[in-house]
Amino acid sequence: MLAFAIRRAFQSFIVLLVVGLVAFSMFNFVGDPIDNMLGQERTGADIERLRVQLGLDQPFPVQYYRFLEGAVQGNFGISYRQGRPVSEVISERLPATLELAFVSAVLAVIFGVALGVFTAIRRNGWAANTIMTLSLIGVSLPTFLIGILLIYLFAVELGWLPSFGRGDVVDLGWWRTGLLTQSGLKALILPAITLGLYQMTLIMRLVRSEMLEVLRQDYIRFARARGLRDKSVYFRHALKNTLVPVITVTGMQLGAIIAFAIITETVFQWPGVGLLFINAIRFVDIPVMAAYLMLISVMFVSINLIVDLLYFAIDPRLRLDRRGGEK
Amino acid sequence: MNKQAGREPVLSVANLSVEIPTRQGTLTPVDKLSFDIEQGRILGVVGESGAGKSMTGNAVIGLLDPPAHIAGGEIRLKGRRIDNLAREALRKVRGKEIGMVFQDPLTSLNPLLPIGEQLTETILEHLPVGKTEAQNRAVAALEEVGIPAAAQRINSYPHEFSGGMRQRVVIALALCAEPSLVIADEPTTALDVSVQAQIIALLKRLCRERGTAIMLITHDMGVIAETADEVAVMYAGRLAEIGPVRDVLTAPIHPYTQGLMASTPLAAKGKKRLSQIPGAMPRLTDLPDGCAFNPRCPIAKDKCRRPPAPNLDSGGGNAACWYASGARS
Ligand SMILES: Nc1ncnc2c1ncn2[C@@H]1O[C@H](COP(=O)(O)OP(=O)(O)OP(=O)(O)O)[C@@H](O)[C@H]1O
Ligand SMILES: [Mg+2]
C-alpha cells in the first residue's frame, strides 16, 4: 500500500510539473504584459526596467525554474493589474470559493446518496419515478441557466434571498468566512444549489444504478435469507458495496465543483477565485491566471490521490497486508 | 410419504403453487407440490435444470423474486402457517427458523465485511444475547464448521478463504441461530470435487447433532444416495415421485424416475452403458396437456395426453403416474 501511495504521489507530481509548464508558457505566448501594464506614454527605459523587474529578460529555462521555485513557496509574482503579490490577491479570494464549493459538495453528496438509495429501493414507486424525471432536468440544464432561474424566482419574484455577493463576512484573521452571519448564509444558498445541483443528480443516478446492481448480488440474497432487517441489508450490506465507484465519481466531481465555480461565481458575482480568474483573463493578468491554474490542478490532483487511498480503506481485497494466507 | 404417527413434520408443504405472470400468460414453475420433512430428516430434491427446485426452496423461505409469487397451497413450519405471514414476521422466520445455504460460496458472503461481523449481526438479530456473547458464539460456530484457528480468523474477510472454507462459513451462518430447517440449494455444485464430500458430511453431521431437518436440492444422485432419507423427484414444476431413498433409487416406479436412474452412473451400476431419456423437459410456456412427461414417456397412453394431470394419488401415493409399474405399498 505504501508503494502504491508513493507511486501515485510521484504521478501527481509529474502532472503538476506539466501543468506548471503550461501555466508558465502563458507568460511567453499570451499577450504582452508590458503592453497592459504601461500606458501609451512609455519610454524604452520604462519597458526595460519593467522587463528586468518581472524577470522577463532571462532565458526560458531560467524563467521556468524561477517560476517553479516561486510556485512551491506560494509565490507567483506580482499581479500585472493590481500591482500586489498574486499570493495575497488569491488568498483573499480563496475562502469565498472554498466555502461555496464545500457547501455545494456536502449538499450534493448528502442529497445525491440519499436520493440515489431511495430511488433504488423504491424502484417503481411514483415518488422515485418523479425524482428520476426531475433529475434529468438537473443533468441537462446548463449551470448558468439554473442560476438565472433561481435568481429570478427567489431573488426577483419572491425577494427571499439576495441575488449577488457574499453578504457580511467575519474576519478570522487568516480567513474571511460568510458562514457565521445570517446574510452570509442567505447569500450562500442560491449559489450553492446552482453549483451543486448537477453533481447531486450525477451522484444520485450513479448511486441508484450501483445500488440496483448490488441488490441483485448473491450476498444480498443471503443477507435476506439470514433474516437481516431491510435497514441493515440496504445500508450496511448494499450501500457500502456501491461506494468504490461512487467515491471515484464524487472525487472527480469535487474537483469539477471547484473548477465550475467560475460560472456560478460569475452569475452571482461571488467574490471568489473563479471571478478573479475571469477578470484576470479580461486583463491578461498572466501571473494570476497561472496561479489559478496551478491552484486548481493541485486541488484536482490531491483529491484524486485521496480518492485512490480511500479505496484501500473501503475494500479489504485491495489491501496487501493480509492477515493470514489463503487456506 | 411415510408419516410416523404422533410426529409433527418440521416442514409441511401442501399443494404449493408458484406463479409468474408474464406477457405470454401465467407460468406455473411450481404446481401443486406436497411434501413433508420430519425433524432431523433429510429430503433430497432432484430433477432436471428448470424443474422448479430452487423456486420451491425460495417459496418456502419467502424469498421469491417478484413477479413470482405463491398462488396457492400452504406451507407450515412446525404446524404454523408461514406462507401468508406479513413481511416483518416472515423476516423473523428467515435465519431464525429456516436457514439457507446457496450454491456459490464465492458470492454468498459480503466481500467488505469480516466474516465475524456477518456472524455476529445474524446472531444479534435472532438470539437474545449481548455483543460479547454473540462474538463468543461466532467463534464457536466457526470452530464447529471446522475453520482452524477460528478466534484469529474471525476478523478475516471472505477473500482470505478458499471456496470450501467459505462454504463452511456460509453453513456456520445458516446454522448460527439454530434453525429447525435448512434449505441447501446445490451447496456443493460450485466446489472442487475433492471438498464436495467434506461439505456434505459437515452439513449432515451438524444437522444430525441438532435435529435440524434439511431440504437438500442437488443434481448429484451420489449425494442423495449417501445423505438423504427421502427423495423427491421434480419434473416441470410437479412432483413425479417421492419416497424413501432406497426405494426410489433401487425400485423407481415413475417412468421419469426410472429413466433418470438408468442415466445415472451410480444407480445404473452393472449395466454396460447409460441410457438417456429422449427429448427434453418442456418449457413452462408450452406444457403438454395431461402428464407433463407424456411426450418423452415410453409407456404413455391416451389417458396421459388428456387432462387432468396425474398426481401422487394416481400412482398409489408415491408417483404421479396413471400406469406406475408395481406401486410400492
Ligand atoms: N422471472 C422468470 N420469468 C419466467 N420464468 C422464470 C423466471 N424465473 C424462473 N423461471 C422459470 O422457472 C423454472 C424453475 O426454475 P428453478 O430455478 O426453480 O429451476 P431449478 O430446478 O432450480 O433448476 P437448476 O437445477 O438449473 O437450478 C425454470 O423453468 C425457469 O425458466
Ligand atoms: Mg436451482
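In what follows, chains are A, B, ... by sequence order, proteins preceding strands, each numbered from 1. A quick note: this is a predicted structure, and the numbers were derived from the prediction, not measured.
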- Query: Would you call E209(B)-K204(B) a salt bridge at under 4.0 Å N-O?
  - Reply: no
- Message: Counting only non-hydrogen atoms closer than 4.5 Å, does V170(B) touch chain A with its backbone (N, CA, C, O), its side chain (CB onward), both, or neither?
- Response: both
- Message: Is L63(B) in contact with chain A via its backbone, its side chain, both, or neither, using a 4.5 Å heavy-atom distance?
- Response: both
- Message: Looking at E97(B) and R80(B), is any side-chain nitrogen of the basic one under 4.0 Å from a carboxylate oxygen of the acidic one?
- Response: yes
- Whatever's closer than 4.5 Å to a heavy atom in chain A on E117(B) counts as both
- Structural part of I98(B) lying under 4.5 Å from a heavy atom of chain A: backbone
- Message: Please rank V93(B), D104(B), D65(B) by heavy-atom pairs under 4.5 Å with chain A and give me the top one.
- Response: D65(B)
- Could E125(B) and R94(B) be called an ion pair, given the rule that one side-chain N must be under 4.0 Å from one carboxylate O? no
- Task: Pick one of side chain, backbone, both or neither for Q103(B), based on which atoms fall under 4.5 Å of a heavy atom in chain A.
- Result: neither
- Task: For the residue pair S108(B) and R166(B), confirm or rule out a side-chain donor-acceptor distance under 3.5 Å.
- Result: no
- Item | Top contributor to chain A interface from L113(B), I183(B), I61(B) [non-hydrogen pairs under 4.5 Å] | L113(B)
- Message: Less than 4.0 angstrom from a charged side-chain N to a carboxylate O is my criterion; do E121(B) and R226(A) meet it?
- Response: yes
- Message: Is the terminal nitrogen or CZ of R221(A) (NZ for Lys, CZ for Arg) located under 6.0 angstrom from the six-membered ring centre of F102(B) and within 45° of that ring's axis?
- Response: no
- Counting only heavy atoms closer than 4.5 Å, note whether L112(B) contacts chain A via side chain, backbone, both or neither. both
